[in-house]
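Computed from a predicted model, the values in this text were never measured in an experiment. Within every chain, numbering begins at 1; the chains are lettered A, B, ... in the order of the sequence lines, protein sequences first and strands thereafter.
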Protein chains: 2
Amino acid sequence: MTSLPVVNQPVHRCGALLEHLARRLRLRSESVLAPLGLRPRHLVALTVLRDRGGSTQQALASTLEMDGTNVVGLLNDLEAEKLIERRRSPEDRRRHVVELTEAGAKRLAKAEFALAAVEDEVLGALDHDQRETLYSLLQQVATGGMEAACVEVDVCDEAPPC
Amino acid sequence: MTSLPVVNQPVHRCGALLEHLARRLRLRSESVLAPLGLRPRHLVALTVLRDRGGSTQQALASTLEMDGTNVVGLLNDLEAEKLIERRRSPEDRRRHVVELTEAGAKRLAKAEFALAAVEDEVLGALDHDQRETLYSLLQQVATGGMEAACVEVDVCDEAPPC
DNA sequence: CAGATGATTGATGCTACGCAAATGATTAGT
DNA sequence: ACTAATCATTTGCGTAGCATCAATCATCTG
């Protein structure tokens, strides 16, 4: 755990950078998303739900790292517009399984399309390949953190490239 | 502005992803930064000032994309702790030139050091090279956006792919 | 001198977010 | 079967960031 006196490579800190860019993206996204009745935070939730194909509210709260009560409000917004569905879990009927509706998937796609211009503007300095690289890195970071949250689900039994 | 029916490559949208990760980083950063009397937003400002070696308040407001009045408050915080200095511009004495003090540079370095653990946790899924790649991509995006703010400086006259 | 500009302050309001307490439904332990 | 714990939900409260507007002062420019 102590610092190995290896090479002392100048690892660049990208915290501030990330925050800065996220802000720029968010500011522009808000105005683009407003006509669709969505906010950036809704987009994030929808994206997670699509990528997972459904989730418990708790799991959602944990990956979004927000308070359970706030997740309720978030989902209420989305449910009011029929973008998601809450269904009781068959295993534990206290739980709600949240899933994207077809309308939700459509709206999400629409939003992403609308956001394309914004991203093009913000990421203008990157070419296509660089954007893909950035995407895969971010994806890896995001899902890397996810593993910890999925430990409880045990098995990838025979799953090939888990 | 219409969609060119070119190749329709599946360009992945990383807006939501970026936002998600920025949030995770910010949540953790806040608690780490608190003992240092800083907030994430202060860090961003200090970083910009260091990278530029000083800036006008207006320029700062424009790159941070925040309202001028809010920048004032931000700088007041930093000045109260002697982390920055406001000096009147010799050319236009209405303007303030903001610069990092030595104490500011130290505090920034301290904060980044304290943040290293947080980043290691969040970026745990990436190895050293990947982090460097991520850093350089983000850096490129950030400084790429800067050019737009420098439009007033006219020209990319003969610049090839402007 | 007159009007525009930069910095600053103060007031107002909105929104996000976390926290706590109460309720109803459901599951689990004994 | 009774009791305790768990999950989702609601409501209310408090804090904080941030935008916006209006007013003021110093300074520059025509």
Any [X] side-chain nitrogen or oxygen under 4.0 Å from OP1 or OP2 of [N]:
X      : N       : value
H96(B) : dA26(D) : no
Q58(A) : dC7(D)  : yes
N70(A) : dG18(C) : yes

Over how many whole Å does the gap from [X] atom [atom1] to [N] atom [atom2] extend?
X      : N       : atom1 : atom2 : result
L74(B) : dA16(D) : CG    : P     : 16 Å
R95(A) : dT6(D)  : CZ    : C1'   : 9 Å
E65(B) : dC18(D) : CD    : C1'   : 14 Å
R23(B) : dG18(C) : CZ    : C1'   : 10 Å
E91(B) : dC28(D) : CD    : C1'   : 13 Å
L60(A) : dT9(D)  : CG    : P     : 11 Å
D67(B) : dC14(C) : CG    : C1'   : 15 Å
L27(A) : dT15(C) : CG    : C1'   : 14 Å

Has the side chain of [X] got a donor or acceptor atom that lies under 3.5 Å from a matching backbone atom of [Y]?
X       : Y       : value
R24(A)  : H20(A)  : no
R23(B)  : E65(A)  : yes
E119(B) : C14(A)  : yes
R131(A) : L126(A) : yes

- Looking at residues 75-90 of chain A, who's got a heavy atom less than 4.0 Å off DNA chain D?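 Within residues 75-90 of chain A, the residues near DNA chain D are N76(A), R86(A).
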- In residues 34-47 of chain A, what residues come within less than 4.0 Å of DNA chain D, judged by heavy atoms? none
- Checking all strands, does D92(A) fall into the base, sugar-phosphate, or nothing category for heavy-atom contacts under 4.0 angstrom? sugar-phosphate
- Query: Checking all strands, does T69(A) fall into the base, sugar-phosphate, or nothing category for heavy-atom contacts under 4.0 angstrom?
  - Reply: base
- Message: Looking at E30(B) and R39(B), is there a salt bridge between them, counting it only when a charged N and a carboxylate O are closer than 4.0 Å?
- Response: no
- Run the salt-bridge test on E112(B) and R50(B) with the 4.0 Å N-O cut-off and return the result as yes or no.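 Salt bridge flag = yes for R50(B) with E112(B).
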Decide yes or no for [X] and [Y]: does some side-chain heavy atom of the first lie under 4.5 Å from some side-chain heavy atom of the second?
X       : Y       : value
H96(A)  : R88(A)  : yes
L115(B) : R13(A)  : no
L134(B) : L134(A) : yes

- Item | 5'-most by nearest nucleotide on DNA chain D - R26(A) or R94(A) |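 Whichever sits nearer the 5' end wins; that is R94(A).
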